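This structure is a prediction, so every number in the text was calculated from the model and none was measured.
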Amino acid sequence: MEGQKRMNSLQSSTIQMMVKLFRKSLFINKTETYTHRISFERLANFVKFPRFVDKEELLYAGIPSAWFKPYKSSNDKVILYLPGGGYCVGSYNTHKGMLGRMARAAGHPILAINYRKAPEDPFPAALEDAVKAYRQMVADGWKNIILAGDSAGGGLALATTMKLRDEGYTLPAALVLISPWTDLTSSGDSVTRKAEKDPLIGPELLEVFAKKYCGGEDLKNPFISPLFGDFTHFPPTLIQVGTEEVLLDDSTRLAKKMKQAGVMVEMEIWEGMMHVFHWMAGLIPEANEAVKKIGSYIERQYDPTEPAEKSYFHKELY
């Protein structure tokens, strides 16, 4: 387990305080999905889109998507990104600032998809879209596909990998998970332990989103809550999470299970950070540093179908 042991930056402390102060006026304590979506889209305007990156919107595999392509880019790797938002909100637009900086840090293009959302399209619609997009990328000849996502998108990346593995399909070269939501039953102790610490989300919002997404299915279904699944043969995985998150235990328990299954896991726990603090890249130095670390991790990955001598050793941090 790796922690970033230091005082929060002034920028981070200020922004997290503002988020906590104004959470009621944003979208946290309301239940209308439309209100959640509009508020989140508006919040995205606080983060400037980075320089030296192009954003290109398109339909990919029939799914509204966007490419984020840095000016200095190599196509020997590519990232398929699944934006978070409780399976009910979020898009490539709400994450555009973070995605642009991540693409620039990695030096490789990112394809972010707007998979279908609940309650209009509950489980398994999001999973079907993610699998469809991934398979299209393979069909289009992309190699070294890194599957990434934050929050619900991180959980969806895990479920997508499980689905691909169970169907005998080519797996991603690696996973990058930011504050992944892996347990929709909210059984992790941090859900209550960090309820007053997390400036962004609380137990009530998790329950609202989980009910809308599951569509009456068992919340312990591994394709809904990947924590309850099997991680045999999973690719190398990077997990980043903050100490102040209600979903902290979703990450720590995931890392333990993955390690037990023989997965190469790199775990970074960032001291004093809120849920998906990466979203504030461009505003706070901690988010900038975390995104740079993701870029470095992506650059170290390789195609698992290539000969073993071309692989890289990954130090286990958890």
Side-chain angles (χ1 to χ4, degrees), residues 27 31-34 36-37 40-41 57-66 79-96 98-99 110-138 145-167 169 171-172 175-186 201 205-229 234 237 247 250 254 275-276 279:
F27 66 91
T31 58
E32 302 87 354
T33 302
Y34 179 77
H36 291 167
R37 290 173 183 164
F40 200 3
E41 294 287 334
E57 297 184 8
L58 74 161
L59 280 178
Y60 193 84
I63 305 166
S65 307
I79 301 98
L80 173 58
Y81 197 91
L82 309 175
Y87 295 106
C88 296
V89 305
S91 67
Y92 57 72
N93 183 60
T94 59
H95 288 60
K96 62 181 183 292
M98 180 182 77
L99 290 171
I110 292 178
L111 177 69
I113 66 169
N114 288 353
Y115 51 87
R116 286 171 290 169
K117 303 295 193 301
E120 299 92 338
D121 295 292
F123 174 84
L127 179 58
E128 291 172 347
D129 285 355
V131 170
K132 185 179 180 182
Y134 180 87
R135 287 187 148 193
Q136 186 63 57
M137 295 186 81
V138 173
I145 302 173
I146 313 294
L147 186 55
D150 65 279
S151 195
L156 183 57
L158 289 164
T160 300
T161 305
M162 286 181 182
K163 189 72 171 177
L164 294 168
R165 179 202 58 197
D166 292 352
E167 294 179 351
Y169 206 74
L171 296 185
L175 301 180
V176 173
L177 309 176
I178 299 172
S179 307
W181 192 18
T182 66
D183 175 14
L184 274 66
T185 72
S186 294
I201 59 175
L205 187 65
L206 293 177
E207 182 180 1
V208 168
F209 283 161
K211 286 183 177 179
K212 288 181 179 181
Y213 178 61
C214 74
E217 295 284 337
D218 183 357
L219 288 178
K220 287 190 175 181
N221 181 336
F223 293 118
I224 293 176
S225 296
L227 182 65
F228 300 107
F234 260 53
T237 300
L247 295 183
D250 280 42
L254 170 68
H275 185 60
V276 193
W279 188 82

remark   = Looking only at heavy atoms, the pair that brings A148 and I79 closest together is CB-CG2, 4.0 Å
query = Tell me the salt bridge (Lys or Arg N to Asp or Glu O under 4.0 Å) pairs involving residues 125-135, sequence neighbours left out?
reply = R116-E128, R116-D129, R135-E167
message = Hydrogens and angles aside, do N93 and S91 bring a side-chain donor and acceptor to less than 3.5 Å of each other?
response = no
message = Give me the atom names and distance for the closest heavy-atom approach of G155 to Y87.
response = C-OH, 3.7 Å
Pairing residues for S65 by the side chain to side chain donor-acceptor pair (under 3.5 Å) criterion, not counting sequence neighbours = none
query = Taking the side chain as C-beta and beyond, is there a heavy-atom pair between Y115 and P83 under 4.5 Å?
reply = yes
task = Answer whether the closest heavy-atom distance between the side chains of L158 and T182 falls below 4.5 Å.
result = yes
key: Partner set under side chain to side chain contact (heavy atoms under 4.5 Å, CB included) for C88, not counting sequence neighbours   = T33, A118, F209, K212
inquiry  = A side-chain contact here means heavy atoms from C-beta on lying under 4.5 Å apart; do V276 and L247 qualify?
reply    = no
request  = Apply side chain to side chain contact (heavy atoms under 4.5 Å, CB included) to D183 and L219, showing your working.
outcome  = CA-CA 8 Å; D183 175 14; L219 288 178; over 6 Å; no
query = Quick one: does V131's side chain get under 4.5 Å of L127's, heavy atoms only?
reply = yes
ask   = Can you check whether F123 reaches L184 side chain to side chain, under 4.5 Å on heavy atoms?
value = no
task = Locate the shortest heavy-atom distance separating G229 from M162; write the atom from each residue and the value.
result = CA-CE, 3.7 Å
task = Look only at the side chain of K117 and the backbone of A125, and say whether a donor-acceptor pair between them is shorter than 3.5 Å.
result = no
request  = Taking S225 for its side chain and K220 for its backbone only, find out whether a donor-acceptor pair lies under 3.5 Å.
outcome  = no
request  = List in chain and number order the residues that pass side chain to side chain donor-acceptor pair (under 3.5 Å) with E57, two or more places apart in sequence or in another chain; answer none if no residue qualifies.
outcome  = K55, Y92
task = Working to the nearest 0.5 Å, report the span between SG of C214 and CD1 of I224.
result = 6.0 Å
key: Counterpart residues, salt bridge (Lys or Arg N to Asp or Glu O under 4.0 Å), relative to K211 (two or more places apart)   = E207
message = Looking at every heavy atom in both A159 and P226, which two are closest together, and how far apart are they?
response = N-CG, 4.1 Å
message = Can you pull out every side-chain hydrogen bond (donor to acceptor under 3.5 Å, both in side chains) where at least one residue sits in residues 145-162? Sequence neighbours excluded, please.
response = Y81-D150, H95-D150, S151-H275
Which residues share a ring-ring contact (aromatic ring centres under 6.0 Å, His included) with F234, sequence neighbours left out = F231
query = What are the two closest heavy atoms between L99 and A112, and how far apart are they?
reply = CD1-CB, 3.7 Å
task = For side chain to side chain contact (heavy atoms under 4.5 Å, CB included), just list the numbers for T94 and N114, CA-CA rounded to whole Å, side-chain angles, deciding distance to a tenth of an Å, and then say yes or no.
result = CA-CA 11 Å; T94 59; N114 288 353; over 6 Å; no
Partners passing side chain to side chain contact (heavy atoms under 4.5 Å, CB included) against A157 (at least two apart in sequence or in another chain) = L82, L147, L177
query = Just wondering, do N221 and F228 contact through their side chains at under 4.5 Å, heavy atoms?
reply = no
inquiry  = Please determine whether side chain to side chain contact (heavy atoms under 4.5 Å, CB included) holds for the pair I146 and V176, giving the CA-CA distance in whole Å, both sets of side-chain angles, and the decisive distance to 0.1 Å.
reply    = CA-CA 7 Å; I146 313 294; V176 173; 3.9 Å; yes
key: Pairwise distance CH2(W181) to CG(L254) - rounded to 0.5 angstrom   = 15.0 Å
query = Do you know which two heavy atoms are closest between W279 and M98, and how far apart they sit?
reply = N-SD, 3.8 Å
